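In what follows, a structure is listed as structure tokens, so that the remarks can point back to it.
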Amino acid sequence: MQGVKLQQKYKILRVLSRDSLTETCLAWGKGSNRSQRYVIKRFRPILGNPEVEAAKQLFDREADILTMLRGKHRQIPQICDRFTEGGESYLVREWIEGSTLEQTVKQRGKLSETEVTPILKSILSVIQYLRELNLVYREINPRTIVLRQPSWYERTIGKEPHYLPVLIDLSQIETMTAPESQILPADLSQPNLVLASSTYYASFASKQGKLESARDLYSLGLTAVYLLVGKTPEQLSLSPNSKKLLWHQESRGLTSNLVRAIDRAISPYLDERFTSADEMLKALFPRSVVISASLITDAKPQSRLTPEVKIFLALSCLGLGIIGIAFALLDLDFERIEIPGSSVSSVSEVAESDRLSR
């Protein structure tokens, strides 16, 4: 498909990924005010494939959800276009410039706690936002999060770079169809973490197709482990007794808040896990900052002169100064200034005339 032009404005640069029914490509096209890059997802309804109908429903659901979320959150890529051409469906979204978390770890090695904690906090805000809309991101992993590079404006003004984590695999977003109380299995005491799977960041219940509570938080916790130790879950061992993931010894010097929050998020026991993003945030940052009244000082009285008034006064003084200099250069003789309508020719004569009249 490389080199193909769609809708007379999107030129396919290369294929990013493909499966039996869909293909995701990087494209170049004309935007609202400039040319830019896009990600185009193509759905190919192959005749005789029994998965076509279900796959088309997933494709349409993804497009509908992105249309609903358009312009609502900076950490969710924006849908730009949606069309059908040649019997095939296309979904166009913005391209996020940056590196995935997986690419970042492979290039730099494992990340520090000071780098991982802000990423967790930022992604948790997205999870919370989606849940408020009754949506859930099924499986977060290091390949589905891109650290967006700073904008050209931020680079131009020399602002400290801020790499905003963005969730890019939008097909992972789906509607939560079951109430929270009905999502959990009846037996919460049995561990359900199984790592022998091609999907290392999804819990066992998710792999069985169940809408499990907090599975987005579970996969986020495993992603945090990967960032801190540089290993995927299947490269780590399980405790023979508790069946919990043994990852602490791979990264030393971590704060207890972070370790406890991750352990709880990835617990093999569902009743130990977080039920909300806000709950996990409070575990990461248990102490809220309270400003004491004794530390608050009265504000200093501010000048009533606004910058505009100050500029006006300065220009006025400058103008008066220029006028004074002009008079000095002309060397005017105020003693000989004539007064219109009078025969008196000087100021001194006016004064003498006034004295005699008395």
Side-chain angles (χ1 to χ4, degrees), residues 13-19 22-28 36-41 62 66 69 73-80 91-127 129-130 136-152 154-155 161-174 195 197-202 206 215-236 247 250-251 262 265-266 277:
L13 300 178
R14 69 174 187 271
V15 176
L16 301 174
S17 64
R18 62 161 58 96
D19 56 32
T22 62
E23 193 172 56
T24 304
C25 306
L26 176 64
W28 184 265
Q36 59 192 60
R37 285 183 287 181
Y38 298 92
V39 173
I40 298 182
K41 189 171 184 178
E62 178 183 351
L66 289 181
L69 295 175
H73 205 289
R74 290 185 62 202
Q75 290 167 265
I76 299 174
Q78 302 301 299
I79 184 173
C80 305
L91 181 62
V92 184
R93 69 163 176 83
E94 66 171 324
W95 165 263
I96 305 300
E97 188 71 32
S99 300
T100 66
L101 294 181
E102 183 180 61
Q103 292 170 336
T104 302
V105 170
K106 287 182 176 180
Q107 293 168 1
R108 296 172 41 196
K110 59 186 181 181
L111 306 185
S112 66
E113 178 175 346
T114 56
E115 294 173 302
V116 173
T117 302
I119 292 174
L120 290 179
K121 181 179 179 182
S122 188
I123 294 298
L124 283 169
S125 69
V126 185
I127 291 175
Y129 171 76
L130 291 175
V136 62
Y137 198 97
R138 291 198 308 269
E139 182 192 331
I140 296 171
N141 64 64
R143 296 181 300 278
T144 63
I145 299 175
V146 167
L147 296 178
R148 186 200 293 267
Q149 292 185 359
S151 66
W152 66 268
E154 291 174 324
R155 295 193 295 266
H162 175 61
Y163 296 88
L164 190 69
V166 179
L167 293 167
I168 59 169
D169 187 359
L170 306 174
S171 63
Q172 295 287 339
I173 300 177
E174 68 179 23
L195 299 177
S197 168
S198 60
T199 309
Y200 302 129
Y201 296 87
S206 296
R215 58 178 170 170
D216 44 5
L217 303 178
Y218 175 89
S219 58
L220 179 62
L222 288 181
T223 299
V225 170
Y226 172 78
L227 299 179
L228 291 167
V229 305
K231 294 182 179 181
T232 61
E234 59 110 15
Q235 293 174 315
L236 299 170
W247 64 276
E250 301 284 345
S251 185
I262 293 176
I266 65 173

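Model, not experiment: these values are computed from the prediction.
When all heavy atoms of Pro77 and Leu167 are compared, the pair lying nearest together is CD-O, 2.9 Å. Closest non-hydrogen pair, Asp19 versus Thr22, comes out as OD1-N, 2.6 Å. When all heavy atoms are compared, the tightest approach of Leu228 to Lys110 is O-CD, 3.2 Å. Shortest non-hydrogen contact noted between Gly98 and Gln103 is O-OE1, 4.4 Å. Of all heavy-atom pairs between Thr223 and Asn141, the closest is OG1-CA, 3.3 Å. When all heavy atoms of Arg148 and Arg74 are compared, the pair lying nearest together is NH2-O, 3.1 Å.
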Self-check item: Residues Arg93, Lys41; criterion side chain to side chain contact (heavy atoms under 4.5 Å, CB included); working and verdict
Solution: CA-CA 8 Å; Arg93 69 163 176 83; Lys41 189 171 184 178; over 6 Å; no
Quiz prompt | Step-by-step side chain to side chain contact (heavy atoms under 4.5 Å, CB included) determination, Tyr163 to Gln149 | solution = CA-CA 5 Å; Tyr163 296 88; Gln149 292 185 359; 4.3 Å; yes
Self-check item: Evaluation steps, side chain to side chain contact (heavy atoms under 4.5 Å, CB included), between Ile79 and Leu170
Solution: CA-CA 10 Å; Ile79 184 173; Leu170 306 174; over 6 Å; no
Practice problem: Apply the test side chain to side chain contact (heavy atoms under 4.5 Å, CB included) to residues His73 and Val126: give CA-CA distance (whole Å), side-chain angles for both, the deciding distance (0.1 Å), then the verdict. | Solution: CA-CA 8 Å; His73 205 289; Val126 185; 3.7 Å; yes
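Two residues are said to be in side-chain contact when any heavy atoms from C-beta on lie closer than 4.5 Å; Lys121 and Thr117 fail this criterion. Contact annotation: the side chain of Trp247 approaches that of Ile262 to within less than 4.5 Å [non-hydrogen atoms, C-beta and beyond]. Put simply, the side chain of Ile168 does not reach to within 4.5 Å of the side chain of Ile145, judged on heavy atoms. The shortest side-chain heavy-atom distance between Glu174 and Val136 falls under the 4.5 Å cut-off. Considering only heavy atoms from C-beta on, Leu69 comes within 4.5 Å of Tyr129 through its side chain.
For Glu102 (side chain) and Pro142 (main-chain N/O), no donor-acceptor pair under 3.5 Å exists by modelled atom type. Distance alone, capped at 3.5 Å, is enough to place a donor-acceptor pair between the Ser219 side chain and the Ile140 backbone.
With Thr24 as reference, Val39 is the one residue of Val39, Ile40, Val15 to meet the side-chain contact (heavy atoms from CB on, under 4.5 Å) rule. Paired with Ile123 under the rule side-chain contact (heavy atoms from CB on, under 4.5 Å), one option of Val166, Leu101, Leu217, Leu220 passes, and it is Leu220.
The distance from the CG atom of Asp169 to the CZ atom of Arg138 is 8.0 Å, given to the nearest 0.5 Å. Atom-to-atom distance recorded for Ile173:CD1 and Leu66:CG is 6.0 Å, nearest 0.5 angstrom. Atoms CG and CD, on Leu227 and Glu113 in that order, are 12.5 Å from each other to the nearest 0.5 Å. In this structure, the separation between CD on Glu94 and CD1 on Ile76 is 11.0 Å, given to the nearest 0.5 Å. Here Gln36 contributes atom CD and Cys80 contributes atom SG; the two are 6.5 Å apart, rounded to the nearest 0.5 Å. With values rounded to the nearest 0.5 angstrom, Glu250 atom CD is found 9.5 Å from Gln235 atom CD.
Taking 4.0 Å as the cut-off between side-chain N and carboxylate O, Arg108 and Glu115 count as a salt-bridged pair.
Side-chain contact check for Ser122 and Gln75: at least one donor-acceptor pair (N or O, by modelled atom type) lies under 3.5 Å.
The side chain to side chain donor-acceptor pair (under 3.5 Å) test applied to Glu23 returns Arg18, Arg42, not counting sequence neighbours.
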